[in-house]
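The next block holds one structure in the form of structure tokens; read it before the comments.
Just so it is clear, the values below take in all heavy atoms, side chains as well, and ignore hydrogens, waters and symmetry mates.
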Amino acid sequence: YLRPGRIDCHLLAPRYSSLVEIRLLGPVLAYWLESRGIPALHASAVTIGKQAVAFLSTHGAGKTGLAAAFMRAGGELLTDDLLPVEEQDGAFLGRPGYPQMRMWPDEAAHFLEAFEHLPLVLPELAKRRVPVGPDGFGVFCTDSRPLTCLYLPERLANRDAPVELREVSPRDAVIELIRHSFSPHLVEAVGLQPARLDLFARLVRQVPVRRLLYPSGFERLPEVVEAVRRDLPKI
């Protein structure tokens with residue numbers, strides 16, 4: 001039940017309890033935000049100083065690994081899955097999500113050294129829940145932060161490939177934002193698309209969108225962190 005100030009969930013079949021968090025903190029919350037004029041992107045986001053950068057999700061692009069690499073380098077996690085974007089006084093802010101990451105076993109083993117003790121996201125899925133904060137991994141940012149840049153990551157099979165950043169035109173950037181939204185078909189079906197298109201058009205005129213091509217291998221992630229840091233002062 002989606003109400004003006006809250007979302008109510010009544011679980012009728014206990015065997016599906018593991019799906020509640022996935023659905024509630026994913027498409028359900030995203031639609032609730034969209035209905036209030038706050039687009040929800042499928043992305044990980046981290047802080048760099050007082051700003052934030054986001055890595056829009058594509059299958060196998062490694063957004064969580066990228067976020068974890070920035071956290072290891074001193075950044076804070078803003079979100080690992082759902083990024084609400086709010087326009088405020090001419091600026092675009094990324095709102096915080098919730099203090100948890102979802103890592104595949106190899107990611108968890110690399111960043112936390114062990115993963116066997118971590119709970120499964122779903123019984124049939126190998127991904128693990130990784131708490132973020134004082135008793136977990138890294139630091140969680142609880143405040144909205146201005147978005148400095150949005151990245152479209154693409155992980156390359158060639159481990160010797162260089163890290164590469166490519167400009168994305170405003171037209172293509174708007175299309176990518178739609179592609180990386182939660183439930184875009186539902187948003188369009190209920191008539192919310194025109195307003196969010198206008199917001200995305202304003203967003204890409206102010207916040208650059210880049211393609212981020214980088215090689216596979218956890219050992220190369222520090223290079224990605226440095227490449228993004230070098231990229232930011234040019235904005």
May I ask you to decide if [Y]'s main-chain N or O and [X]'s side chain share a donor-acceptor pair within less than 3.5 Å?
X    : Y    : result
E107 : W104 : yes
R128 : A108 : no
T47  : K50  : no
E87  : L93  : no
T148 : V53  : no

Shortest non-hydrogen separation from [X] to [Y] and the atoms involved:
X    : Y    : value
W32  : P4   : CZ2-O, 3.4 Å
A109 : F115 : CB-CD2, 4.0 Å
V168 : A173 : CG1-N, 3.6 Å
Y214 : P153 : CE2-CB, 4.1 Å
V163 : P215 : CG2-CD, 4.0 Å
M103 : A68  : CE-CB, 4.0 Å

Aromatic contact between F55 and F70, with the criterion being ring centroids under 6.0 Å apart: yes or no?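 Yes, the ring centres sit under 6.0 Å apart.
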
Taking atom [atom1] of [X] and atom [atom2] of [Y], what is their separation to the nearest 0.5 Å?
X    : Y    : atom1 : atom2 : result
Q193 : L186 : CD    : CG    : 11.0 Å
R210 : L56  : CZ    : CG    : 14.0 Å
T142 : L77  : OG1   : CG    : 11.5 Å
Q51  : L78  : CD    : CG    : 12.0 Å
L41  : T79  : CG    : OG1   : 10.0 Å
I178 : L197 : CD1   : CG    : 4.5 Å

Report yes if the side chains of [X] and [Y] come closer than 4.5 Å at any heavy-atom pair, otherwise no.
X    : Y    : value
V85  : L83  : yes
Y31  : F182 : no
F92  : L199 : yes
L82  : L25  : no
P39  : L33  : no
C149 : V209 : no
L150 : P208 : no
P96  : S144 : yes

Is any side-chain N of the basic residue among [X] and [Y] closer than 4.0 Å to the acidic one's carboxylate O?
X    : Y    : result
R229 : D231 : no
R211 : E176 : yes
R102 : D80  : no
E21  : R129 : yes
R36  : E34  : no

Q: Run the numbers on L120 and K127 for side chain to side chain contact (heavy atoms under 4.5 Å, CB included), then give the verdict.
A: CA-CA 6 Å; L120 293 168; K127 266 191 174 181; over 6 Å; no

When you group the ILVMFWY residues by side-chain heavy-atom contacts below 4.5 Å and let the links chain together, are [Y] and [X] in the same group?
X    : Y    : answer
V225 : V132 : yes
M71  : L147 : no
F137 : F218 : yes
V121 : L112 : no
Y98  : V28  : yes

query: Is there a donor-acceptor contact under 3.5 Å linking the side chains of R196 and S181?
result: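 Distance-only check passes for R196 and S181.
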
- [ ] Step through the shown structure and confirm whether more than 12 heavy atoms of other residues, nucleotides or ligands are within 6.0 Å of CZ on R171.
- [x]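 For R171, atom CZ is not crowded (no more than 12 foreign heavy atoms under 6.0 Å).
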
Could you check whether atom CD of E219 has more than 12 heavy atoms from other residues, nucleotides or ligands sitting under 6.0 Å from it?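 Result for CD/E219: enclosed.
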
Exercise. Would you check, one step at a time, whether the test side chain to side chain contact (heavy atoms under 4.5 Å, CB included) holds for L118 with V130?
Key: CA-CA 7 Å; L118 297 169; V130 178; 3.8 Å; yes

Exercise. Take L66 and V224, measure what side chain to side chain contact (heavy atoms under 4.5 Å, CB included) needs, and give me the verdict at the end.
Key: CA-CA 8 Å; L66 289 168; V224 181; 3.7 Å; yes

* Verify side chain to side chain contact (heavy atoms under 4.5 Å, CB included) between R72 and H110, making sure each step is shown before the conclusion. => CA-CA 11 Å; R72 178 171 278 183; H110 176 77; 3.6 Å; yes

